[in-house]
Every structure is written in C-alpha cells, then in structure tokens.
Amino acid sequence: MDFLILFLFYLALVVLGLVLICVCSKTHSLKGLARGGAQIFSCVIPECLQRAMHRSLHYLFHTRNHTFIVLHLVLQGMVYTEYTWEVFGYCQELEFSLYYLLLPYLLLVVNLFSFTLTCVTNPGIITKANELLFLHVYEFDEVMFPKNVRCSTCALRKPARSKHCSVCNWCVHRFDHHCVWVNNCIGAWNIRYFLIYLLTLTASAATVAIVSTTFLIHLVVMSDLYQETYVDDLGHLHVMDTVFLIQYLFLTFPRIVFMLGFVVVLSFLLGGYLCFALYLAATNQTTNEWYRGDWAWCLRCPLVARPPSAEPQVHRNIHSHGLWSNLQEIFLPAFPCHGRKKQE
C-alpha cells in the first residue's frame, strides 16, 4: 500500500509536469526551448518510442478524453481515504474539534458539485443559430477582436472575446482556456463553476494539510520527542533536530507523511493558480486575452526583434468596469436574447 501511494504521488507530479510543459510549449517565448528539448530527446529516445509518446501526448492534451477526470478522482479519493482512516481517527482520539475535522468533507461535497457542473455545463458554444446574438454581447476593440472576422474552421462570424478551441473543435463565447482536468472548455457560462471548483479544491487541500500537520505537531509535543536525544553512526550524542524528527515521523506514519507532502505541494500550486484566476476575474480578463495581450506587450519591447514594418497596436482592456461589475459578469453572465437582437 505504501509503494502504491508513493507511485501515485510521483505519477501526479509527472502528470502536472507534462501539463506545464504542454502549456509552455504553446507560448511563443518558450517555443524555441521546447524545440531544443525535443531535439535533445530525439537523439536519446528511439524513433518508435518518440512516435508512441507523440500519440500519447496528442491523445492526452489535444483530444477530448476522460483520462484526467479519472486521475483527478482517484487522487482525491486516495487523499480522503487516508485522511478518513488514519488522520480523522487519531484526531478523534486526541479530542480534536469535530467541526474542524469535518470541514474537509464539507469542502469535498461543494468541490465535487462544482466540478460536475464545470464538466457538463455548456461553456457558451457558438453555433449558426446563435452567432448573431453573441455578436451583440461584447464590444469589439478592433485590436484583439476586430469586427467582421470569420473563424477559419467553423466559418462563423467571431463575436468579441470568442475563440475556436482546437481540442473541442468549436468556438466558445468569452473563451478562457480548455481544461483537461474537467474535459471541457472554460467559457462565459461555466467560468463561475470553475472558480468555485478551483477555490474549494485549494481550500480542501490546504485544510487537509493543516489538520494533518496539526496532528503531527500535537503528537510530537505530547510525546516530548523534541526533547529526546539520539546517537549517530559515529557514536556522537545529538539533541533531536528537525530532520531526524521528520525521519522518525516518516517511519512511524509513512502514509500520512506522503499524503501531507502531496497536499502541501498541491496547495501551493493551486493557490498560485487561484490567485491568477481571481486576478483575471477582478480585471475582467480571460486567460486567452491575458496571454495575447502579454505577447503584444513583448512585441512592443525594444529588445525583441521584429520586422521593421511591424507596428503593433496597443491593446486596451475595454471590458473592465470595476471590481463589483466584473465579478457580477462572472457569476451572472449575460445570456443573448432575441429581444436584444431586435432592438439592435
């Protein structure tokens, strides 16, 4: 069981690394680095394995599939199983507050509910029947979103703030990004569920980490382990230090320590991404707009080489109308209606 937990822990880190590599390889500033890494791997890995890896990565990141949904649920189930079987039981014996111990389960219920809504909700798919309605929702800025542009794949007129998703093969209204963990695009109609999902997932990981850490610290204090001494391999007497204390806890509670390490790393990663997502929501930007605007800024940088005739236009966020209005747009999105179309 311990080896299985260790294997899944490192598997999750590897998958996370693959996701980050996949995202980074799409950015213009890191394409050269990605190509250089591919050339190095091509000299080491046999061609047959390269083709198999390419097919696997294409299936994972460029086609709709449920692989990451299953992995997400398996990892979440293992964390909560370990928390229930060991941490919850030990903390009850130590008379921890029951409300404190039940908080991760409450967060889990809300998280799974918002996760399901994010997966199944229509993100705002643009079709021939509703394209004219979507054209009147947002103003065109004539820089990032010019008027009278058609999608080269769908042949539909592109509303402002929309984008064609190459994975799902449809255009999405107020497109943010495609999330492999929910196997769906994040758009105008499910971004609120995604934010709640991300918030509760971060909070549940942090809560499990806090409860587990509190249990281990409480155990150390009760047993006076920090006052103990030990003899090293050379026969020297030492006072119990932090490293030796962690080793002792690892040997005594290996599964709890593995779980704690996983949720701590996950809390920091999710916390960083949550802050970024909240910043985008507060400024009424999407990930797609932030990335394209950031790259446009790079083109204006004098240190970046560009054609002499290139005169990049300045992008200005015209959709931000204050914090409250921006958040209201996220959680109460505008639905196109026929009445508005007639008024136009």
key: Pairwise distance CH2(W189) to CZ(R174) - rounded to 0.5 angstrom   = 13.5 Å
key: Distance-only polar pair, side chains of T84 and Y105, donor-acceptor under 3.5 Å   = yes
inquiry  = How about CD on E139, more than 12 heavy atoms from neighbouring residues, nucleotides or ligands closer than 6.0 Å, or not?
reply    = no
query = What heavy-atom pair brings C91 and L101 nearest, and what distance separates the two atoms?
reply = CB-CD2, 3.6 Å
T287 and D176: side chain donor to acceptor below 3.5 Å = yes
ask   = When the ring centroid of H319 is compared with that of F145, is the distance short of 6.0 Å?
value = no
key: Side-chain donor/acceptor of T213 to backbone N/O of A209, under 3.5 Å   = yes
Apart from L323 itself, residues in the same hydrophobic cluster as defined by side-chain heavy atoms under 4.5 Å = L327
ask   = Checking R150 side chain against A155 main chain: does a donor-acceptor pair fall under 3.5 Å?
value = yes
Identified side chain to side chain contact (heavy atoms under 4.5 Å, CB included) counterpart of C185 within the set I191, N122, V172 = V172
inquiry  = Any side-chain to backbone donor/acceptor pair from T200 onto Y197? Under 3.5 Å, distance only.
reply    = yes
Smallest separation among heavy atoms of R255 and E86, with atom names = NH2-OE2, 2.5 Å
key: Partner set under ring-ring contact (aromatic ring centres under 6.0 Å, His included) for F194, not counting sequence neighbours   = H177
message = So that I know where these two stand, are F276 and W290 an aromatic pair - ring centroids less than 6.0 Å apart?
response = yes
task = Say whether, by atom type as modelled, one donor and one acceptor occur between the side chain of S320 and the main chain of N317 under 3.5 angstrom.
result = no
ask   = Do Y193 and F113 have their ring centres less than 6.0 Å from each other?
value = no
task = Return the orientation label for the W181 and F68 ring planes: parallel under 30°, perpendicular over 60°, tilted otherwise.
result = perpendicular
message = Can a donor-acceptor pair be found, under 3.5 Å and without considering hydrogens, that links the side chain of Y83 to the backbone of M259?
response = no
message = In the structure I gave you, are the side-chain heavy atoms of I186 and T118 within less than 4.5 Å of one another anywhere?
response = yes
request  = Give the minimum heavy-atom separation between F61 and V167, together with the two atoms involved.
outcome  = O-CG2, 3.6 Å
Donor on one side chain, acceptor on other, N184 and H178, under 3.5 Å = no
inquiry  = Can you tell me if F268 has over 12 outside heavy atoms packed within less than 6.0 Å of its CZ?
reply    = no
ask   = How far does CG of N284 sit from CZ of R161, to the nearest 0.5 angstrom?
value = 4.5 Å
query = Minimum heavy-atom separation for L260 to L216, with atom names?
reply = CD2-CD1, 3.8 Å
